[in-house]
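Residue numbers start from 1 in every chain, and the chains themselves are labelled A, B, ... in the order their sequence lines are given, proteins ahead of strands. As the structure is a prediction and not an experimental result, all values here were calculated from the model.
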Amino acid sequence: MEPREYENAFFTRQGFRRRACKKCGEAFWAQGEREVCSETPCTPYSFQGNSPFRRSFDLSSFREFYLSFFEKHGHTRLRRYPVVPRWRNDVMFVQASIYDFQPWVTSGAIPPPANPLTISQPCMRFTDIENVGVTGRHLTMFEMMAHHAFNSAEKEVYWKDRCIELCHELVTSELGAAPEEVSYKEEAWEGGGNLGPSVSVGLRGLEIATLVFMQYIRDGEQLKPMPLRVVDTGYGLERFTHMSQGTPTIYEAVFPGILHDLPSEFTLPEAAVLCDHAKNFLFLFTDGIVPSNVREGYLARLLLRRILRTLDKHPGALTLPRLMETVVRHVSKDFPELAGDPKGLAEVLRVEEERFAEALTRGRAQVRRLEERVRKEGRAPNVDDLVMIYDSLGVTPDVAVEELSTKVEVPQDFFARVTELHTRTPTQGWGGYGADSAEAKVPEPPTSVPATVVHYHRDPYTHQFTGRVLWRSGPWVILDQTYFYPTGGGQITDRGELSGVPVEEVVRHGPWVMHKLTTPEAPLPEVGATSEGRIDAPRRRQLMQHHTATHLLNGALRQTLGPHIWQAGAYKGTEGARLDITHWQALTPEEIREVERLVNRVVREDRPVKSYFETRSKAEERFGFGLYQGGAVPGKELRIVEVENFDVEACGGTHCTRTAEVGFVKVLGTERIQDGMVRLHFAAGERALEVLQEHEAILAEASQKLAAPVADIPKAVDRLLERLKEGHKEAKAASKADVKELAQRLSSSPASSHALAGGKLQVVAAKVELDREGLQALAREVTSRPGGIALLAGEDERGAILFFASSDPKQMPARDLLAVALEAWGGKGGGNPSAATGSGPKGPKVQSALDAALARARELSGSAPP
RNA sequence: GGGCGUGUAGAUCAGCGGAAGAUCGCUGCUUUCGCAAAGCAGAGGCCGUGGGUUCAAAUCCCACCACGUCCA
């Protein structure tokens with residue numbers, strides 16, 4: 001960034017001068033004669049016990065102080081957004097206040113909810129998790145206070161000078177810091193393909209805020225100006241609070257109430273982990289994260305497990321539920337929603353604690369076994385083993401060392417070694433959202449084509465209409481208006497016809513709804529002429545029923561299982577629909593029945609389903625962020641779908657206008673698609689009836705085949721299985737008896753039985769009609785007698801098989817006998833002294849192989865041939 | 001989303017190319033007034049699923065499924 005990027009009217013007016021820090025050499029702006037910047041290490045930490053501010057704040061009072069300051073200066077105050085950004089798929093958590101407005105607002109797609117605005121946004125940053133409590137200032141969760149302004153050609157709100165002026169006024173005249181102590185350090189900022197100048201605000205060795213001016217789009221080496229210039233600021237609420245109190249660490253300032261209420265065993269480094277992680281988990285849980293072994297859920301689980309390990313350091317002093325109760329009591333004063341699901345919270349904690357205990361017991365046992373295995377290899381367990389133990393068993397090195405009988409030093413860089421094992425995947429850019437595969441194939445219409453007017457929201461029942469053709473490219477057609485619903489929000493496309501030509505797919509692309517004809521070359525009215533549209537009505541009706549049923553089911557699940565239920569995904573097709581929800585264990589049959597009863601009761605009550613547009617901020621104000629069940633919806637206005645007194649969601653789909661139209665809802669099955677997530681398959685309306693009819697037909701068929709009434713099918717199957725098992729047993733016993741008898745016959749027949757070594761050995765050599773398994777059973781029978789030697793030949797589809805076994809492997813090794821036979825025969829094989837097997841071609845040579853083996857046996861026993 | 005680990009008797013696991021094992025539990029018998037215990041005998045296995053390699057696969061290779069775990 002060029003130095004002139006930092007020049008502004010405020011700096012000039014107030015006599016700020018640009019200079020290089022005498023210590024770090026970096027450029028900063030300040031008043032007075034400062035020679036070094038005000039950040040660590042150039043300026044040491046110097047506010048503990050000596051705050052630069054006039055008064056002392058806690059989190060609550062500073063937040064209020066900040067927000068009302070900016071309100072006073074023309075900003076609109078916004079409520080916090082969820083810490084889980086369901087409106088984008090490139091990040092798991094909100095990590096800065098600007099995330100709330102990306103990508104739709106920052107890209108200019110929709111206007112900001114207010115402009116300028118101010119907010120205090122809870123943010124998650126898990127990178128510092130190891131440092132919590134250790135450094136005295138790290139947290140995994142903090143609130144980023146911010147004031148944002150979005151400047152466009154139409155509306156200039158404010159830019160660098162006013163932004164810095166507001167910041168400076170807040171820190172100096174409002175809070176009381178000496179103006180010459182504050183430094184504004186230059187820092188080029190870049191992220192997500194955008195960049196611009198930025199200053200970090202330093203005071204007494206602490207960076208307390210960052211002011212970013214997003215201004216350019218990177219296009220290779222070139223910088224292009226952004227159409228929307230964004231003032232993006234971030235003020236650390238916890239840091240300001242810390243500074244205002246001047247406490248030794250940030251934790252005393254941020255968690256005074258919780259720290260006070262903890263048992264005295266837990267002092268600072270450990271207590272900080274408890275406070276920070278519990279508070280963080282509470283936000284995650286409230287905003288819809290359920291512990292799991294992947295993605296966001298894994299981090300929620302990690303927090304809980306770190307808490308449990310910390311609690312274990314003082315056994316009996318404090319339990320997880322008690323800790324969480326304390327944290328809820330304190331934190332919910334400012335965020336009442338955190339106390340909204342005490343039952344669910346208690347249940348998830350119980351399940352997680354149980355799972356952790358199990359994992360630990362299993363892990364410890366496996367560590368002991370691993371040590372034994374390693375010992376057999378003739379070495380002692382080493383650090384690599386510990387890394388492996390942690391990585392794949394989840395047993396931390398300190399626990400593993402307890403289990404091992406030999407001492408292993410855990411190196412400082414242990415966790416770095418673990419990280420090294422995992423190859424880094426490149427972080428995803430901004431291209432991810434909104435670009436589904438269907439859209440990628442769509443041709444780009446010229447921008448002169450007017451946006452499509454859509455009617456399916458207002459009127460989902462009209463199936464015939466006329467529209468003027470505005471544009472066409474191959475199979476793709478844009479009309480001035482349409483009733484066709486394009487694929488979106490988990491609801492699949494409408495089908496139908498345009499002027500008699502079948503329409504196979506409809507997609508939304510930017511401002512247009514594009515209809516795809518099945519035949520690209522089909523004749524259609526000229527551009528400018530009108531075309532008759534006809535929508536496949538039964539299909540649309542089924543999709544509407546499935547979509548409304550999804551909302552009913554979602555509402556019923558939340559009512560039955562608790563407010564932690566969030567929609568994690570959904571699909572509405574014609575054959576059926578599915579809904580994925582966040583939940584920590586599989587649904588029980590009784591829970592499913594209860595949900596079904598509730599859903600169908602709401603259907604019978606024939607409640608109105610209202611859909612209407614509402615401004616985003618008003619809707620959020622009225623219904624909260626639970627609106628975003630289906631992910632974020634673009635637009636200044638949200639389309640609200642409201643099932644009276646039951647469920648409210650922001651949704652762009654086509655819906656029944658009364659619940660009775662859904663007809664009937666049946667859950668067809670559930671599965672745990674991953675830890676912390678349950679999928680429900682269901683059907684509604686006509687399709688539900690069809691499915692039940694299919695099931696009935698299947699039952700009827702089963703009933704007929706079993707010759708039992710439907711009600712007796714389970715009993716009939718039980719009997720059948722019992723009989724099958726008995727039959728199996730009998731067959732096994734019979735074949736065992738057969739083999740026994742065969743062995744008896746062979747060994748008493750002079751043609752196949754040969755006494756050697758003066759009768760101490762009995763060789764049974766014979767060709768039988770048995771496969772490999774049969775030969776083995778027979779050989780076992782022969783060798784179970786003292787001195788028994790089996791030289792058996794049999795066959796399967798692929799050829800002849802030899803199976804030799806010996807009860808006296810020392811004198812009469814089966815492998816050696818087989819070797820002789822193979823030589824005479826030309827087959828392949830091998831084995832050990834007590835058993836050997838070979839295979840080769842069928843034919844007379846098999847007999848000579850047996851003869852050769854028998855001759856060899858005679859030699860070995862010292863018996864002369866007859 | 002990616003890496004690693006684990007799937008063998010009801011349970012916990014061993015075996016890791018040559019004829020499926022141990023411990024606990026279960027059943028029966030002996031002993032006892034009865035219980036516990038001991039002794040003896042026995043039942044119980046598609047060695048996760050599907051391919052492949054091999055004379056021979058629980059064992060080696062590939063794919064999939066399930067569970068666990070770590071990292072983004």
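Between A:Glu296 atom CD and B:rG1 atom C1' the separation is 11 Å, expressed in whole Å. Going from atom CD of A:Glu773 over to atom C1' of B:rA57 covers 13 Å, rounded to whole Å. Distance CG (A:Leu370) to P (B:rU69): 17 Å, rounded to an integer number of Å. Rounded to a whole Å, the CG atom of A:Leu822 is 19 Å from the P atom of B:rG18. Computed from coordinates, the A:Glu358 CD to B:rU12 P distance equals 10 Å when rounded to whole Å. As a whole-Å value, the separation of A:Arg368 CZ from B:rA14 C1' is 15 Å. Put simply, CZ on A:Arg364 is 19 Å from P on B:rU12, counting in whole angstrom units. In this structure, the CZ atom of A:Arg295 is 18 Å from the P atom of B:rU69, given to the nearest Å.
Counting non-hydrogen atoms of neighbouring residues, nucleotides and ligands closer than 6.0 angstrom, the CD atom of A:Glu190 exceeds 12 such neighbours.
Spacing between B:rA19 and B:rU59 at atom C1', rounded to whole Å, works out to 15 Å. Comparing B:rC4 with B:rU23, their P atoms sit 37 Å apart, to the nearest whole Å. For the P atoms, the distance linking B:rC70 with B:rC35 amounts to 48 Å, nearest Å. For the C1' atoms, the distance from B:rG15 to B:rG51 is 25 Å, rounded to whole Å. Taking atom C1' in both B:rU8 and B:rG21, the straight-line distance is 10 Å, to the nearest Å. For the P atom pair drawn from B:rU6 and B:rC16, the interatomic distance equals 14 Å after rounding to whole Å. For B:rC55 and B:rU69, the C1' atoms lie 41 Å apart once the distance is rounded to whole Å. Using P as the reference atom, B:rC24 and B:rG17 are 29 Å apart when rounded to the nearest Å.
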Bracket notation of RNA chain B in which parentheses pair within the strand, [ ] cross earlier pairs, and | pairs with another strand (Watson-Crick or G-U, under 3.5 Å): (((((((..((((....[..)))).(((((.......))))).....(((((..]....)))))))))))).
Short heteroatom pairs, N/O only, protein and nucleotides 64-68 of chain B, under 3.5 Å:
from   : atom 1 : to       : atom 2 : distance (Å)
B:rG68 : N2     : A:Ser392 : O      : 3.1

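Nearest to the side chain of A:Lys828, among B:rC70, B:rA19, B:rC55, sits B:rC55. Listed nucleotides: B:rG18, B:rA20, B:rG5. Nearest to the side chain of A:Gln776: B:rA20. Side-chain proximity of A:Ala805 to B:rC13, B:rA72, B:rA19: nearest is B:rA19. Side-chain atoms of A:Asn832 lie closest to B:rA19 of the nucleotides B:rC55, B:rA72, B:rA19.
Judged by distance alone, with hydrogens and angles left aside, A:Thr837 brings no side-chain donor or acceptor close enough to the base of B:rA19 to form a pair under 3.5 Å.
When each of A:Thr837, A:Ile801, A:Asp796, A:Val739 is checked for a side chain to side chain contact (heavy atoms under 4.5 Å, CB included) with A:Leu775, only A:Ile801 meets the rule. Checking each of A:Asp391, A:Asp398, A:Val367, A:Val401 against A:Leu386 for a side chain to side chain contact (heavy atoms under 4.5 Å, CB included) leaves exactly one that passes, namely A:Val401.
Mapping A:Gly829 and A:Glu781 onto RNA chain B by nearest heavy atom places A:Glu781 closer to the 5' end of the strand. If A:Gln366 and A:Ser834 are placed on RNA chain B by their nearest nucleotide, the residue sitting closer to the 5' end is A:Gln366.
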Let me have the donor-acceptor pairs involving side chains of residues 820-832 of chain A, under 3.5 Å, with sequence neighbours excluded, atom names and distances please.
from     : atom 1 : to       : atom 2 : distance (Å)
A:Trp825 : NE1    : A:Pro841 : O      : 3.1
A:Asn832 : OD1    : A:Ser834 : N      : 3.0
A:Asn832 : OD1    : A:Ser834 : OG     : 3.2
A:Asn832 : OD1    : A:Ala835 : N      : 2.7

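Classification of A:Arg856 and A:Glu859 as a salt-bridged pair holds, one side-chain N sitting under 4.0 Å from a carboxylate O. Ionic pairing of A:Arg350 and A:Glu347 is present here: one or more N-O contacts between side-chain nitrogen and carboxylate oxygen are shorter than 4.0 angstrom.
Residue contacts for A:Arg369: at a heavy-atom cut-off of 4.0 Å it reaches the sugar-phosphate backbone alone, with no base atom in range. The residue A:Gly827 sits apart from the nucleic acid: no heavy atom pair falls under 4.0 Å. As judged by a 4.0 angstrom heavy-atom cut-off over every strand, A:Val395 is placed among residues making no nucleic acid contact.
Every residue meeting the side chain to side chain donor-acceptor pair (under 3.5 Å) condition with A:Gln629, not counting sequence neighbours, appears here in chain and number order: A:Asn554. Applying the salt bridge (Lys or Arg N to Asp or Glu O under 4.0 Å) criterion to A:Asp413, with sequence neighbours excluded, gives A:Arg417. By the side-chain contact (heavy atoms from CB on, under 4.5 Å) test, A:Glu409 pairs with no residue at all, sequence neighbours left out.
Between A:Phe414 and A:Tyr390, the ring planes lie perpendicular to each other; the angle is over 60°, past the 30° to 60° tilted range.
Residues A:Phe93 and A:Phe283 place their aromatic rings such that the two centres sit no closer than 6.0 Å.
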